[in-house]
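Read the structure below first, then the notes.
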Amino acid sequence: MTKKTTAPKAPKGRTSRTTATTSTSGTTRRRTTGDDQRYDAIVVGGGHNGLVNGAYLAKSGLRTLILERRHLVGGAAITEELHPGFWFTTFSYALSLLRPDIIHELELTRHGFMPLLMANTFAPMENGDYLLLSQDRGENLREIARHSKHDADAYDQYEHDVSQVCQLIKPLLDMVPPDLFSDDPAELLALAGLGRHFRRAQPRVVQNAIRLLTGSAADFLDDYFESDIVKGLFASASIIGTKVGPYSQGSGLVLLYHSIGEHDSVFGAWAFHKKGNGGFTQVLARAAQAFGAEIRLESPVASVITKGGRATGVALSDGTEYHADVVVSALDPRRTFLELVEPRDLPTDLVDHIRRFRFQGTSSKVNFALDGIPVFPALADRGVEPFRGFTNIGPSMEYLERAFDDAKYGWYSQHPYIDMAVQSTIDPDMAPPGKHVMSCFIQYTPYKLRERDWDAERQNLGDTVQRTLESFFPGFGNLVLHREVVTPLDIERVVGLSEGNIFAGEFLAPQMFFFRPAPGWSQYRTPIDGYYQCGSGTHPGGCVMGAPGKLAAGQILKDRAIRGR
């Protein structure tokens, strides 16, 4: 996956008594034997936001250290060989919301950035029919018309209306939220500018935005479509990673969030990265190192060191200390505020808010190594073609809602929603010739189970998913060479995301923009001077987008400029 490099040397004028070994990711595992390791900035966590943040800080000239507790960088965006010759995107598996300016400003293409656009979206139905959408608008309209001429006529209007809302909301992804609770003239001006932005929009666009931000996906979709399969396909984007069903208030916000992504300036387009999302985070690591950042693996941070109300460095679990005037946490809000620092050093209202911050992980993964491509009877003669993108097992909004019903009462869905991707059809290097790897994102699998626990239910979940796939793809079980089941508890244990929430905090209106992760603390700073946050639990949120890392770096550099440092 990656090539070996030599460990970076200490800059001239700084002594460094260390031992170093080199990992296959090109980063170093190092332990200091003295107390003279000092940096300008330390980033805690080598997930994609931590790597983006560290790259921007290093690019600005700061001597930057990124500390990752695991043996490889990437956080949830990793690729692993879990069966000989088969490369799995264990957790996160697709690109969409990555901000375009990050690609250019960090020169990612020079370091191997290679997104592979998905060719289609395949939605099988329980009655043996299907909906297969491609990049061809005319073909899509004809395909939708097979199910409903009304829906084919409404499709362009839906795409237009959602695109207009996306254009209205998109600038918010790339801005630091104004402080709603500040009397600072600069913050008041920023709030006024936000108001002007919305006032310039057409009333219908603003109304649609409010409907999506506060209402249900079902209410919105019912205004356009009548066929179950079309509504089921679009509604599936409204439940990803959040404990809501398509009829729940708040599902519209999740639908909008997943619609606002882009690839090659096309809203809503998604892509795989060459060698999976682990290939992408290796690109980020190489970019950060090219700008001068140092990455140290197997370096779990136990605490942030503070003195006189300001951060002065970090202490690792083995007692090693590194010192810097800037410490940035790329971890989720619970770990950032309640574990890395002493809660008693923070305002009581902030601590109370973080303790109430909702995670409620509801997602899991089941990954398969396959002996061949699955067969859908109605498309048996088309081979891999239907699988060159996402396969959506959610044939109606009612199907999705029934899956949610199980989770509401503390159990995993017996007929789950499955977002399936046979990534080896796009990137053949993911599997041996003629074989395939298949990534299955599963909803709903609540972090807290009624009566049982995930260690006991892990394989039962895998059996449930495999049984569901068998019902759509007869003979699927005969193709399975290897199966990996990743529960919300596994996500928490391995990646460190509290309660296994893939967004580092649910996408609910009270936890977004001004309020992410807490009122008054949405601008990446913390009450401890020199201690910042840049994880997905900050604005704009989760998915592999990098915006929190970039925006936090901007705030850090702005503060240093004000201080004249």
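- A salt bridge is defined here as a Lys NZ or Arg NE, NH1 or NH2 lying under 4.0 Å from an Asp or Glu carboxylate O, and D405 with R402 fails to meet this definition.
- In this structure a side-chain-to-backbone donor-acceptor pair under 3.5 Å is present from Y399 to P416.
- Ring geometry, Y444 versus F404: the interplanar angle falls from 30° to 60°, so the pair is classed tilted.
- The existence of a salt bridge linking D325 and R38 is confirmed by a sub-4.0 Å separation between a basic side-chain nitrogen and an acidic carboxylate oxygen.
- Y56 places no side-chain N or O within 3.5 Å of a backbone atom of L551 that could act as its donor or acceptor partner.
- Between Y524 and H539, the distance from one ring center to the other does not fall under 6.0 angstrom.
- One N or O on the side chain of Q523 and one on the backbone of P177 form a donor-acceptor pair closer than 3.5 Å.
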Could you tabulate the donor-acceptor pairs under 3.5 Å formed by side-chain atoms of residues 192-200, not counting sequence neighbours?
from, atom 1, to, atom 2, distance (Å)
H197, NE2, L168, O, 2.7

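- The cationic group of R211 does not satisfy the cation-pi geometry with F220, failing either the under 6.0 Å distance to the six-membered ring centre or the 45° limit from the ring axis.
- Using a 4.0 Å cut-off between a side-chain N of Lys or Arg and a carboxylate O of Asp or Glu, D559 and R525 qualify as a salt bridge.
- Electrostatic pairing of R70 and E68 does not count as a salt bridge here, judged by no charged N lying under 4.0 Å from a carboxylate O.
- E105 and K550 are joined by a salt bridge, as a carboxylate oxygen and a charged side-chain nitrogen come within less than 4.0 angstrom of each other.
- Sorted by first and then second residue, the salt bridge (Lys or Arg N to Asp or Glu O under 4.0 Å) pairs involving residues 527-547 (not counting sequence neighbours) are R310-D529, D529-R563.
- Separating the OH atom in Y532 from the CD1 atom in I556 is a distance of 6.0 Å, to the nearest 0.5 Å.
- Although no hydrogens or angles enter the test, the distance criterion places a donor-acceptor pair under 3.5 Å between the side chain of S251 and the main chain of A217.
- Minimum interatomic distance between S364 and P488 (heavy atoms only, all atoms of both residues): CB-CD, 4.1 Å.
- Note on ring orientation: taking the six-membered ring where Trp is involved, the planes of F507 and Y257 are tilted (angle from 30° to 60°).
- Take T64 and apply the side chain to side chain donor-acceptor pair (under 3.5 Å) test, not counting sequence neighbours, and it matches no residue.
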